[in-house]
Amino acid sequence: MIRTQDLSVTLGGQEILDRIGISVGKKQVVGLIGPNGSGKSTLLKCIYRVLQPTGGAVLLDGHDLHNYTVRQSAQTLAVVAQQHHYSFDFSVREIVMMGRSPHKRALERDNAEDERIVREALQTVGMAGREERVFSTLSGGEQQRVILARALAQQTPCLILDEPTNHLDIQHQLQIMELIRSLDKTVLLALHDLNLAAAYCDMLFALQDGKLVGSGTPGELLTPAFIEKVYHVRARVGTDEEGRPYILYRPARKESQ
Ligand SMILES: Nc1ncnc2c1ncn2[C@@H]1O[C@H](COP(=O)(O)OP(=O)(O)OP(=O)(O)O)[C@@H](O)[C@H]1O
């Protein structure tokens with residue numbers, strides 16, 4: 001459903017992405033992994049149209065995203081980006097209600113159905129009853145959940161998430177990942193935590209220095225050799241009772257021994 005074809009990005013004269021081809025099947029949860037600065041956010045930004053690629057294309061259901069109007073792509077893709085900058089003190093309700101705008105005409109007023117969808121989205125992320133709180137006064141984790149609620153209120157078939165577990169404690173990390181899995185949507189997300197990626201993703205794509213350096217199911221991709229090559233960290237990989245890999249990191253070798 002979402003595909004990138006030879007996607008390249010050059011910024012400030014530097015090649016940030018080099019002919020990346022990834023694909024996310026309908027209703028799959030696909031993780032994008034890779035070290036800091038490897039290009040994960042840049043790739044997601046091309047998909048949610050904040051960045052214009054220098055080469056290649058993003059295809060939605062086989063159609064070039066460039067032929068979509070902004071409204072059409074907002075009806076297809078909802079985004080939870082890494083940083084949330086709001087210059088005004090919006091309430092939680094107002095922020096989540098913004099998710100409804102691709103479904104409305106200019107100046108159309110919010111109706112009872114919009115209100116219901118907003119309440120339901122806040123309930124889903126565990127933020128019910130906080131509609132009137134000022135967004136900027138929420139903790140980082142609470143803000144993250146409100147932004148996810150806004151994406152849910154957008155009612156799109158696809159979700160793009162850049163580090164959705166950022167700022168969250170372990171309980172909320174697991175809750176958000178369980179929620180993402182339960183949504184029955186096509187999901188592409190950037191993740192740092194390889195154990196979360198292993199536990200919740202159907203497929204993974206790995207970036208390193210702007211290049212695609214691996215892809216496969218978590219079990220296929222996350223081997224000790226791969227982790228050492230890409231992250232320069234030694235690791236032991238076990239398998240849980242459901243056959244999914246889990247990773248234990250090991251201290252770096254001491255050079256003097
Ligand atoms: N506007 C820009 N001009 C120049 N370089 C940029 C620009 N935006 C991003 N970069 C560089 O592109 C590279 C990839 O950045 P990106 O944010 O996509 O990485 P990432 O994998 O998401 O990293 P992280 O895990 O740290 O969030 C980095 O080296 C970054 O410094």
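Counting starts at 1 for both ligands and their atoms, in listed order. Keep in mind that the numbers below use all heavy atoms, side chains included, and drop hydrogens, waters and symmetry copies.
- In this structure, the side chain to side chain contact (heavy atoms under 4.5 Å, CB included) partners of Glu115, at least two apart in sequence or on a different chain, are Arg93, Met97, Asp110, Arg119.
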Tell me which donor-acceptor pairs under 3.5 Å the side chains of residues 1-11 have, and how far apart each pair is, sequence neighbours excluded?
{"from": "Thr4", "atom 1": "OG1", "to": "Ile20", "atom 2": "O", "distance (Å)": "2.9"}
{"from": "Thr4", "atom 1": "OG1", "to": "Ile22", "atom 2": "N", "distance (Å)": "2.9"}
{"from": "Ser8", "atom 1": "OG", "to": "Arg19", "atom 2": "N", "distance (Å)": "3.0"}

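- Around ligand 1, the residues contributing at least one heavy atom under 4.0 Å from the ligand are Leu11, Ile16, Pro35, Asn36, Gly37, Ser38, Gly39, Lys40, Ser41, Thr42, Gln82, His192.
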Just distance, no hydrogens or angles: give the donor-acceptor pairs under 3.5 Å from side chains in residues 60-68, sequence neighbours left out.
{"from": "Asp64", "atom 1": "OD1", "to": "His66", "atom 2": "N", "distance (Å)": "2.9"}
{"from": "Tyr68", "atom 1": "OH", "to": "Leu60", "atom 2": "O", "distance (Å)": "3.3"}

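- In the model, Arg133 has no side-chain atom that pairs as donor or acceptor with a side-chain atom of Ser91 under 3.5 Å.
- Under 3.5 Å, the side chains of Tyr231 and Gln208 contain no donor-acceptor pair of N or O atoms.
- Side-chain N or O atoms of Arg236 include none that pairs as donor or acceptor with a backbone N or O of Arg250 at under 3.5 Å.
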